[in-house]
**Student:** 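I have a structure here, written as C-alpha cells, and I will follow up with some questions on it.
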Amino acid sequence: MQSIKYDIAIVGGGIVGMSTAYKIQKKYPKLNLIILEKEKELAFHQTGRNSGVIHSGLYYTPGSYRAKNCVDGRVQLVEFAKKYDIKHDVCGKIVLAVNQKESKQLITLKQKGEKNGLTNLEIIDMKKVKEIEPYAEGVSALFVPQSGIIDYKGVTNKLAELIKEINSESRIETNCEVLNIGNEKLFSTKGTINASHSIFCGGLFSDRLAIKDNLELKMQIIGFRGDYYELEDTSKYKVKNLIYPVPNPEFPFLGIHFTRMTDGSIECGPNAVFTFKREGYKKTDFNLKDSWDALTFSGTWKLFINHWKFGLNEYRRAFSKRLFLKELKKMVPSLTMEEIKIGRSGVRAMALGNDGKVIEDFMIVKNDKNIHILNAPSPAATACLAIGDEIVEHATKSFDLNNK
Ligand SMILES: Cc1cc2nc3c(=O)[nH]c(=O)nc-3n(C[C@H](O)[C@H](O)[C@H](O)COP(=O)(O)OP(=O)(O)OC[C@H]3O[C@@H](n4cnc5c(N)ncnc54)[C@H](O)[C@@H]3O)c2cc1C
C-alpha cells in the first residue's frame, strides 16, 4: 500500500463513512479513495445493529442539522432503496399515548414534526389505532406516515459496490485498523497508507481518532448499550409495523419500541444502559481503557448524578426480563413472558460534553488536512446520504477539490 498516494482516505466503514465516500466519488469520479475498516465486514457496529427504522424527522429541534439532515436524508434514502432494490417499506408508525398526559404531549410532538416539514401527521383515536395496530392499547396516537423500515447493512454494501463501479481504482480495505495518524499518512494494521487528506467516521471511536490527530476536545464518546427482545414467531401477529412510546423530552433516547424488521421479525427495544466496553454487546463485557476513560471523565459523573433514577431503572431492566416486559405491556398489554425471547444488542456512541450534557446535534471538527465526524447519533442512518452531501461540501472547501 505504501507506493500509492490516495487523494482521500475515509476511516470507518459504517453507513456514514460509506455514504461520505460514495458522495465524494459521485461528485469527483477521478479521485482515488481508500476506505479503511477495522472489522472483517462493513456495517459491523452501530449501522448493522440498529433498529432498522427510517426516521421521519419528528423529534428533532427545528433548524438543527439533525432535523434538516433527517428530512432530506430520508427522501434520498427511500429513492436510493427503490432504485437499487434494497429491502424497505414506508409503512408509517404510531406514537402511542398511554395516558392523558402523554396524549397532550402528542400535540406538541405533531407541531414539532410540522415545523420540520412533515405533512399529513394525524392524531388518531383508539378506534383508528386499532385499525393500524389491533393489539395496542392506550388513549390516542400520532400517526406518522413518513416512517418506515429498511435494511441498513444492504444500503452500506450497495454504497460500497457503487464506489467501485464509479472508480475501479478506489479501494475498500477491511481488517485494517488505523492505529495512528501522521502528516498525510495513516499507520494501520496493514501498513502505512499515504493520503493527501483523511475523513474520519469512526463512530464509537471518533473521539480517540480526533485526539490521535492532535485535536483538543471538550467531549467524550460514552457507549450506551441497547438490548432487544424479539417476539416469538407465534406472537408476531400482535405487532403489524412500528409502535413507539411518547418520548420523555428529558432523555436523549426514544424509549423501548416495537419494530417490524425487513426480515419479518418483530423486535422490542432497545433500552439504554451505560456500557463498560464501547463495542461490548454482552451485558458483562468489560474493557479497562474504555471504563477508565468513561469513569474518569467529569461529564459522565454529571450525567449519572442528573439522571441517576433513569439510569438505575434501565440497569434493573437490563437484567430482568419481567421488568422489560412490564415496559412493553404499557403499549401491548396482552404480551406474556413466553411470547418474548432475548434478541441482539447494539451500542450507541453518545457524545457527552464536559458539562455532562448530551451533544444532540451532528458534529464535525477539522484541522488543516483532515475532517473528523465526531458525532453522528440517531437518525444518522436515515440521514446518511444528506450527511454525505454535507461532508462533501466541507471537503470541497477544506481540501480545495473544485479543480479535481
Ligand atoms: C441500538 C441502536 C439503534 C439505532 N436505531 C436507529 C434507527 O432505527 N434509525 C436510524 O436512522 N439510526 C439508528 N441508530 C443510529 C445509527 O445506527 C448510527 O447513527 C449510525 O449507524 C452511525 O454510523 P457510523 O458510520 O457513524 O458508525 P458505525 O456504524 O459505528 O461505523 C463506524 C465504523 O468505524 C470503524 N472504526 C472505528 N475505529 C476505527 C479505526 N481506528 N480504524 C478503522 N476503522 C475504525 C468501526 O469498526 C465501524 O465499522 C441506532 C443506533 C443504535 C446503536
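Everything numeric in this text was worked out from a predicted model, so none of it was measured. Order of listing sets the numbers, starting from 1, for every ligand and every atom in it.
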**Student:** Output the list of atoms in ligand 1 that are nearer than 4.0 Å to some heavy atom of Gly52, sorted by atom number.
**Tutor:**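 Per the distance check, 8 (O).
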**Student:** Considering non-hydrogen atoms of the protein only, which is the closest contact for atom 37 (C) of ligand 1, and what is the distance?
**Tutor:**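 Checked against all protein heavy atoms, atom 37 (C) of ligand 1 sits closest to Gly202 O, 3.4 Å.
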**Student:** I'd like to know whether ligand 1 has Gly226 as a neighbour, heavy-atom separation below 4.0 Å.
**Tutor:** no
**Student:** List the closest protein heavy-atom neighbour of atom 35 (C) of ligand 1: residue, atom name, distance to the nearest 0.1 Å.
**Tutor:**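 Looking at atom 35 (C) of ligand 1, the protein heavy atom closest to it is Glu37 OE1, 3.3 Å.
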**Student:** If you measure every N/O of Val53 against every N/O of ligand 1, is any gap under 3.5 Å?
**Tutor:** yes
**Student:** Drop me the distance from Ser19's OG to Phe80's CZ, to the nearest 0.5 angstrom.
**Tutor:**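 CZ of Phe80 is found 9.0 Å from OG of Ser19.
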**Student:** Do Arg348 and ligand 1 have an N or O pair less than 3.5 Å apart?
**Tutor:** no
**Student:** Would you mind running through ligand 1 and noting each atom that sits below 4.0 Å from a heavy atom of Gly12?
**Tutor:** 33 (C), 34 (O), 35 (C)
**Student:** Would you find a donor on one side and an acceptor on the other, under 3.5 Å apart, between the side chain of Lys369 and the backbone of Asn183?
**Tutor:** no
**Student:** Counting non-hydrogen protein atoms only, what is the nearest one to atom 4 (C) of ligand 1? Give residue, atom name and distance.
**Tutor:** Asn50 CB, 3.1 Å
**Student:** Please state which protein non-hydrogen atom is closest to atom 13 (C) of ligand 1 and give its distance, to 0.1 Å?
**Tutor:**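 Result for atom 13 (C) of ligand 1: Ser378 OG, 3.4 Å.
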**Student:** Which ligand 1 atoms are under 4.0 Å away from a heavy-atom of His55?
**Tutor:** 7 (C), 8 (O), 9 (N), 10 (C), 11 (O)
**Student:** With backbone taken as N, CA, C and O and side chain as the heavy atoms from C-beta onward, which portion of Glu39 lies under 4.0 Å from ligand 1: side chain, backbone, both, or neither?
**Tutor:**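 Side chain only; the backbone of Glu39 stays clear of ligand 1.
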**Student:** Pick one of side chain, backbone, both or neither for how Cys201 approaches ligand 1, counting any non-hydrogen atom pair under 4.0 Å.
**Tutor:** backbone
**Student:** When rounded to the nearest 0.5 angstrom, what is the spacing between NZ in Lys130 and CD1 in Ile124?
**Tutor:** 12.0 Å
**Student:** With respect to Leu58, which candidate in Asn116, Leu254, Leu118 satisfies the side-chain contact (heavy atoms from CB on, under 4.5 Å) definition?
**Tutor:** Leu118
**Student:** Can you tell me the protein heavy atom closest to atom 18 (C) of ligand 1 and the distance?
**Tutor:**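 In this structure, atom 18 (C) of ligand 1 has Ala376 O, 3.9 Å as its nearest protein heavy atom.
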**Student:** What do we get for Met18 next to ligand 1 when only non-hydrogen atoms under 4.0 Å count, side chain, backbone, both or neither?
**Tutor:**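 For Met18, there is no contact with ligand 1 at all, from either part.
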**Student:** Applying a 4.0 Å heavy-atom criterion (strictly less than), which segment of Ala43 is in contact with ligand 1: side chain, backbone, both, or neither?
**Tutor:**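 None of Ala43 does.
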**Student:** Has Asp227 got a side-chain atom pairing as donor or acceptor with Ser345's backbone, closer than 3.5 angstrom?
**Tutor:**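 Looks like no, no N/O pair under 3.5 Å.
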**Student:** Does even one non-hydrogen atom of Phe224 get within less than 4.0 Å of ligand 1?
**Tutor:** no
**Student:** Under a 3.5 Å distance rule, please check whether Asn241 uses its side chain to pair with a backbone N or O of Gly92 as donor and acceptor.
**Tutor:** no
**Student:** Short question: side chain of Ser56, backbone of Gln146 - any donor-acceptor pair under 3.5 Å?
**Tutor:**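 No, because the side chain of Ser56 does not come within donor-acceptor range (under 3.5 Å) of the backbone of Gln146.
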**Student:** Test of understanding: given a 4.0 Å heavy-atom threshold, classify the contact between Val347 and ligand 1 as side chain, backbone, both, or neither.
**Tutor:** backbone
**Student:** Got an N/O contact under 3.5 Å between Thr47 and ligand 1?
**Tutor:** yes
**Student:** Where's the contact between Cys176 and ligand 1, heavy-atom distance under 4.0 Å: side chain, backbone, both or neither?
**Tutor:** backbone
**Student:** Would you mind checking which non-hydrogen protein atom is closest to atom 40 (C) of ligand 1, with the distance to 0.1 Å?
**Tutor:** Val178 N, 3.8 Å
**Student:** Give me the residue, atom name and distance of the protein heavy atom closest to atom 1 (C) of ligand 1.
**Tutor:**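 Nearest neighbour among protein heavy atoms for atom 1 (C) of ligand 1, to 0.1 Å: Tyr228 OH, 3.4 Å.
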**Student:** Does any N or O in the side chain of Lys87 come within less than 3.5 Å of the main-chain N or O of Gly154, such that one atom is a donor and the other an acceptor?
**Tutor:** no
**Student:** Tell me whether Pro270 has any N or O atom under 3.5 angstrom from an N or O of ligand 1.
**Tutor:**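 N/O-N/O distance below 3.5 Å does not exist for this pair.
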**Student:** Please say which of His55, Lys110, Lys93 ends up in a side-chain contact (heavy atoms from CB on, under 4.5 Å) with Val144.
**Tutor:** Lys93
**Student:** Please list, chain by chain and in numerical order, all residues satisfying side chain to side chain contact (heavy atoms under 4.5 Å, CB included) with Lys38, sequence neighbours excluded.
**Tutor:** His45, Glu177, Phe205, Glu279
**Student:** Rounded to the nearest 0.5 Å, what separates atom CG in Leu77 from atom CG in Asp72?
**Tutor:**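 CG of Asp72 is found 12.5 Å from CG of Leu77.
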**Student:** Is Phe253 touching ligand 1 with its side chain, its backbone, both, or neither, if touching means heavy atoms under 4.0 Å apart?
**Tutor:** neither
**Student:** Can you check whether Gly346 has an N/O within less than 3.5 Å of an N/O in ligand 1?
**Tutor:**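 For ligand 1, there is no N or O atom that lies under 3.5 Å from one belonging to Gly346.
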**Student:** Identify, by atom number and element, the atoms of ligand 1 in contact range of Pro379, meaning under 4.0 Å from any of its heavy atoms.
**Tutor:**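 Numbered from 1, ligand 1 contributes 10 (C), 11 (O), 12 (N).
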**Student:** Please name all residues satisfying salt bridge (Lys or Arg N to Asp or Glu O under 4.0 Å) with Asp151, sequence neighbours left out, ordered by chain then number.
**Tutor:**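 Partners of Asp151 under the salt bridge (Lys or Arg N to Asp or Glu O under 4.0 Å) test: none.
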**Student:** Where the closest heavy atom to atom 26 (O) of ligand 1 is concerned, which of Ile15, Thr174, Val16, Thr259 has it?
**Tutor:**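 Looking at heavy atoms only, Val16 sits closest to atom 26 (O) of ligand 1.
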**Student:** Between Tyr135 and Tyr237, is the ring centre distance below 6.0 Å?
**Tutor:**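 Aromatic pair counts; centres sit under 6.0 Å.
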**Student:** Can you tell me how far CZ of Phe324 sits from CZ of Arg316, rounded to the nearest 0.5 angstrom?
**Tutor:**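 Nearest 0.5 Å value for the CZ-CZ distance: 14.5 Å.
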**Student:** Whether the side chain of Lys302 engages the backbone of Asn354 through a donor-acceptor N/O pair (distance < 3.5 Å, no angle test) should be reported.
**Tutor:** yes
**Student:** What protein heavy atom is closest to atom 31 (O) of ligand 1, reported as residue, atom name and distance in Å?
**Tutor:**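 In this structure, atom 31 (O) of ligand 1 has Gly14 CA, 3.4 Å as its nearest protein heavy atom.
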**Student:** Check the orientation of Phe319 and Tyr315. Use parallel for under 30°, tilted for 30 to 60°, and perpendicular for over 60°.
**Tutor:**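 Because their plane-to-plane angle is under 30°, the rings of Phe319 and Tyr315 count as parallel.
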**Student:** Taking distance alone, with N or O pairs closer than 3.5 Å, would you say Arg49 contacts ligand 1?
**Tutor:** no
**Student:** Check whether any side-chain N or O of Glu230 sits under 3.5 Å from a backbone N or O of Gly343 as a donor-acceptor pair, and report yes or no.
**Tutor:**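 Not a single qualifying donor-acceptor pair exists.
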**Student:** Counting heavy atoms only, name the option from Lys212, Lys38, Glu177, Glu267 that's nearest to atom 38 (N) of ligand 1.
**Tutor:** Lys38
**Student:** Any idea which atoms of ligand 1 are less than 4.0 Å away from a heavy-atom of Leu36?
**Tutor:** 43 (C), 44 (N)
